[in-house]
Asker: 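After the structure tokens below, expect a handful of questions from me.
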Amino acid sequence: MTLPDGWVMVIGLEVHCELKTATKLFCGCPNMFGDEPNTNICPTCLGLPGSLPVLNENAVELAMRIGAALNCDILASTFHRKNYFYPDMPKDYQVSQYDEPINLNGRLDLPDGFRVGVTRAHIEEDTGKSTHVGGDGRIHGATHSLVDYNRSGVPLVEIVSEPDMRTADQARAYVTELRAILVATGASDGRMEEGSMRVDANISVRRSETDEFGTRCEIKNVNSIRSLGRAIEYEAARQVGLIEAGDRVIQQTRHWNEQQGRTITGRVKEDADDYRYFLEPDLVPLDPSPEWIASVRSELAVLPATRREAVAAATGADASATAVATVVDLELDQLVLGAVAAGADGRIALARASNEVAADAEGGRGLDVAAFTAVIAMESASEITATQAKTVLGELLADGGGDPEAIAAKHGFEAMDGSVLDSVVDKVIAANPNEWQRYKDGDAKVTGFFVGQVMKATGGKADGKAVTAALVARTKA
Amino acid sequence: MSESPTTAIDIAAAVRDGRVTAAEVVETHLAAIDAREAELHACNAVLADEARAAAGRGDAARAAGATLGPLAGVPVALKDNMCTRGIPTTCSSKILEGWRPPYDATVVTKLQEAGAIVIAKTNLDEFAMGSSTENSAFGPTKNPHDVTKVPGGSSGGSAVAVAAGFAPISLGSDTGGSIRQPAALCGVVGLKPTYGTVSRYGLIAFASSLDQIGPFGATIADAAATYNVIAGHDPRDSTSYAGAMATIGAAELAGDVSGMRVGIISELVGAEGIADDVKRRFTEAADALSAAGAKVEETSVPACVYGLSAYYLIAPAEASSNLARYDGVRYGLRIEADNITDMYTQTRTAGFGPEVKRRIMLGTYALSAGYYDAYYGKALKVRSLIARDFAAAYEKFDVLLSPTAPTTAFGFGAKTDNPLAMYLSDVCTIPSNLCGDPAISVPFGTGDDGLPVGVQVLAPALGEPALFRAAAALEGSAP
């Protein structure tokens, strides 16, 4: 879906990610998803009278890693209280960074080179989780509510982008890339389905001849990257429809309904909420030493973009190619780079890694580089066909290792003698004169027909590329 | 047991030496409580069973040869805003009635490790908001020197517990004078230590940046011994001071002030409403220090006069946030209603008293968009000005001196209809909270009505040694 001509959509994203710390942000309770409700709690994360917060050093470390990975300035910062009443927030205020966040002024480059500004990435505490029973699942109209405080006080980093994105694809690419960065740096496990990464989208539309932003709506409850794209496209179209009908967009929070495929009015935000922010008096300013910041920057994991460039350089593929992204996302890039370093053909190594190995990524990450290299070498030397190479790889992955040559021998895979192939090709051509005439006249579509016939005649042992080469050679004879 | 020891130091020494058992000490004090508690209402709870059990454990430990702590067998009363595991902790509010904390405040643990025995939880102005203990949801506490008079507040119950001999020492909390003012009105010693030297973990917050726990004692030495036990870094409190803290010993308690530079804060001595009899006693106190060899001069701390105004924006602002959690969802009072908003409203309407509601509203207003800069923001600037002016004064003086409270104890209801008049009770004590510095109130004779007068000694942050030195000198020369 695209907007009608003359309209531009403007997208900014707020991504909350739970940090992968052992304990919560301000207490020693385990930071664990999926445990029995209300088992990982203590006076501090329950906000009991008299309890006090103590900042988790590891959460600061992970937040700084995110800042470093997003090219932010990492700064001295403070914590504020954001005051509002909600039953799953035990103190009825949230401790969050406000006007002095730890990370400011960053950027994230999408694989196609498009640059998205990152306004800030700040630390805050998560709330508990409410389940509203009865009604439509929201607090108003519920008969009662259940609250699980296991999530209360889990460390979050909120990453706020500039409103730089103009298409749903860019928004998807941004979240995909951000998620890869969070996982690569060890800051978060990036699981949208478990809520450890949550995306809110701010969307507005404007006519292309103006530079002035339109009124925005914030879309919440988007639980997958696919839903994000759908929600953005739906919402932008809704706003264009309103304006073209002479109506206006009202600033508000809207909820994405996955089943109905539409956004639904939440809270209307004509005036900004008054959260009465003030400096959290129970915490002291956070001022990481220059040495600490420097060590976080220098010890930062190699980022996905850099790894994609390495794979591209080694294999001759484009850094923005899907296959390259796949092997990096699945942590199979070392396998490919190892094989290429050992002399394997880069193009074939990338193809096998991003398809057959990717289908069993966990097995692939444990695959012996030498064995993988041997399979690629056999295929590129035409000792076995591509189909046979896939079979050998499949067995290596299924068995957790093995000797590729022995597997090939066991199946009777061997290079077909050139003269045998020639005679089969000649026979197939002779048996199909009409098709051969079309082929000679330049109808590329019959190539597949001939390859298929030769495969059938050889019991699948012929190499498709060799057959094509033989066909081409005969047109020139 | 003909000569029962009465001070904490003497009791601990006697218990250590076996001249008296902790059990006997506890019974003596329970008897004192029995004799006057019905009349004074200092206690929200008398923990007779718990105290007897703790005394039994202490005596058994001694019999088994254990080394006893510095407060062995010493009964202590705790202001009822300090968490005690399994024992109701109410803040004298209906909203917390029946709530039993699942943990002990750090100060409670430290006292118990030193051998002290918690004998009572004491009454206070609801959530420590007040200067007379009249704001308690459970009824006021009475001044043991004249039961028609208030004991001061908000730690009125803890001041009375010591003044009436219910316990030789007690703990209070001081946000704007809530230890020092009742100490003055009840004729006991009350210390507000340097912010950060005593852990706030387990102290139910009123205004977090101002709250500080401190001891009451009948003597300077007992206050010092208690301070030595409760002070120290606590990793559970991020605002806890991590550096070295002085222990108060014989050197300070000897009260040698020769050569000490003492400044009289002219703005506070001349403040509106300081009664003539209080001024006279104050002058005698200053003269006594001078006679003991101190160099006493008047000095100016100009921003002091804005302390009260800044305080009544900062403290309510923090309180409005700190008290949000009493919402009926998890613990304490809940008034059932048809929806969450009504449940919140009805619970808080029924659970909080009028002064708490007044301060929540003041603080909410002061933090609101459009008003923040004019009120809360400006108050923070005043706060830093006050700190700057005190720092300047401490370049010339080791300690400063002022009256603790403008008057001796006043009658019940005398100021309840006029919040501003009540707030003026704390005009001399508030500045120390705003700058985080220590201050102590020392009894110094009586006023024209025969009721106690207190003199306040102030010192720079971590200046407890000088503070105690001057306080001990005053104690030694008090009429």
Side-chain angles (χ1 to χ4, degrees), chain A residues 26-28 38 41-57 79-95 128 130 132 135 138-147 149 152 271-286, chain B residues 81-83 89-91 96 99 101-106 127 196 199-205 207-211 234-240 314 317-318 320-332 339-341 343-344 348 363-372 376-377 380:
Chain A
F26 296 125
C27 63
N38 296 314
I41 50 171
C42 74
T44 294
C45 60
L46 276 182
L48 292 188
S51 63
L52 293 171
V54 177
L55 184 60
N56 180 339
E57 187 176 317
F79 291 89
H80 274 65
R81 291 185 184 177
K82 179 181 183 179
N83 295 285
Y84 64 100
F85 283 83
Y86 205 79
D88 62 22
M89 197 167 55
K91 302 182 294 292
D92 287 308
Y93 59 80
Q94 180 192 28
V95 178
S130 297
H132 303 300
R138 289 156 66 184
I139 193 165
H140 292 290
T143 55
H144 62 281
S145 301
L146 301 171
V147 190
Y149 293 104
S152 168
D271 300 309
D273 289 308
D274 187 356
Y275 292 117
R276 303 190 312 281
Y277 281 99
F278 74 104
L279 207 58
E280 161 60 295
D282 288 330
L283 291 169
V284 292
L286 172 59
Chain B
N81 61 353
M82 297 175 203
C83 288
T89 300
T90 67
C91 286
L96 270 175
W99 179 64
Y103 71 107
D104 278 324
T106 296
F127 281 100
S199 170
R200 292 185 295 117
Y201 186 76
L203 169 68
I204 300 181
S208 314
S209 75
L210 302 161
D211 294 342
D234 182 4
R236 289 177 185 274
D237 176 356
S238 305
T239 62
S240 172
I314 292 168
E318 292 183 17
S320 70
S321 175
N322 282 331
L323 273 63
R325 70 190 67 190
Y326 308 108
D327 59 9
V329 172
R330 289 159 299 275
Y331 46 79
N339 61 66
I340 185 81
T341 310
M343 190 279 279
Y344 283 154
R348 290 166 68 81
T364 302
Y365 185 78
L367 288 173
S368 294
Y371 300 99
Y372 180 101
Y376 185 71
L380 292 182

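Order of the sequence lines fixes the chain letters, A, B, ..., with proteins taken first and strands second; residue numbering starts at 1 for each chain. When reading the values below, keep in mind they use all heavy atoms of this one structure, side chains included, and skip hydrogens, waters and symmetry mates.
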Asker: So does B:Ser321 get a backbone contact from the side chain of A:Arg81, meaning a donor-acceptor N/O pair under 3.5 Å?
Answerer: no

Asker: Is B:Tyr344 in contact with chain A via its backbone, its side chain, both, or neither, using a 4.5 Å heavy-atom distance?
Answerer: side chain

Asker: Side chain from CB out, backbone as N, CA, C, O: work out which of these in B:Ala369 comes under 4.5 Å of a heavy atom of chain A, or both, or neither.
Answerer: both

Asker: Which region of B:Leu210, side chain (C-beta onward) or backbone (N, CA, C, O), has a non-hydrogen atom less than 4.5 Å from a non-hydrogen atom of chain A, or is it both or neither?
Answerer: neither

Asker: Can you confirm whether or not the ring centre of B:Tyr372 sits under 6.0 Å from the ring centre of A:Phe278?
Answerer: no

Asker: Strictly distance-based, threshold 3.5 Å: is any side-chain N or O of B:Arg325 a donor or acceptor partner for the main-chain N or O of A:Leu48?
Answerer: yes

Asker: Side chain, backbone, both or neither: which part of B:Thr89 has a non-hydrogen atom closer than 4.5 Å to chain A?
Answerer: neither

Asker: Among A:Pro281, A:Pro49, A:Pro43, which residue has the highest count of heavy-atom pairs closer than 4.5 Å to chain B?
Answerer: A:Pro49

Asker: Using non-hydrogen atoms only, which part of A:Asn83 is less than 4.5 Å away from chain B: side chain, backbone, both, or neither?
Answerer: side chain

Asker: Measuring heavy-atom distances to chain A, does B:Tyr376 have an atom under 4.5 Å in its side chain, in its backbone, in both, or in neither?
Answerer: side chain

Asker: Can you tell me which portion of A:Pro87 sits under 4.5 Å from chain B's heavy atoms? Options are side chain, backbone, both or neither.
Answerer: both

Asker: Give, as side chain, backbone, both or neither, the part of B:Ile340 having an atom under 4.5 angstrom from any heavy atom of chain A.
Answerer: side chain

Asker: Using 30° and 60° as the class limits, which term best fits the ring planes of A:Phe79 and A:Phe26: parallel, tilted or perpendicular?
Answerer: perpendicular

Asker: Any chance you could lay out the side-chain hydrogen bond (donor to acceptor under 3.5 Å, both in side chains) test for B:Arg236 and B:Thr106, step after step, and finish with the verdict?
Answerer: CA-CA 9 Å; B:Arg236 289 177 185 274; B:Thr106 296; 5.2 Å; no

Asker: Tell me, for B:Asn81 versus chain A, whether the close heavy atoms (under 4.5 Å) come from the side chain, the backbone, both or neither.
Answerer: neither

Asker: Start with the C-alpha gap between B:Ser240 and B:Asp234, add the side-chain angles, then the distance that decides, and say whether side-chain hydrogen bond (donor to acceptor under 3.5 Å, both in side chains) holds.
Answerer: CA-CA 6 Å; B:Ser240 172; B:Asp234 182 4; over 6 Å; no

Asker: Salt bridge (Lys or Arg N to Asp or Glu O under 4.0 Å) with B:Asp104: which residues, sequence neighbours excluded?
Answerer: none

Asker: Side chain, backbone, both or neither: which part of B:Asp237 has a non-hydrogen atom closer than 4.5 Å to chain A?
Answerer: both

Asker: At what distance, to the nearest 0.5 angstrom, does CG of A:Leu52 lie from OG of B:Ser199?
Answerer: 7.0 Å

Asker: As an exercise: rank A:Gly50, A:Gly47, A:Ser51 by heavy-atom pairs under 4.5 Å with chain B and give me the winner.
Answerer: A:Gly50

Asker: Let me know if A:Tyr93 has heavy atoms under 4.5 Å from chain B in its side chain, its backbone, both or neither.
Answerer: side chain

Asker: Who passes side-chain contact (heavy atoms from CB on, under 4.5 Å) against A:Ser130, sequence neighbours left out?
Answerer: A:Tyr86, A:Asp88, A:His132, A:Val147

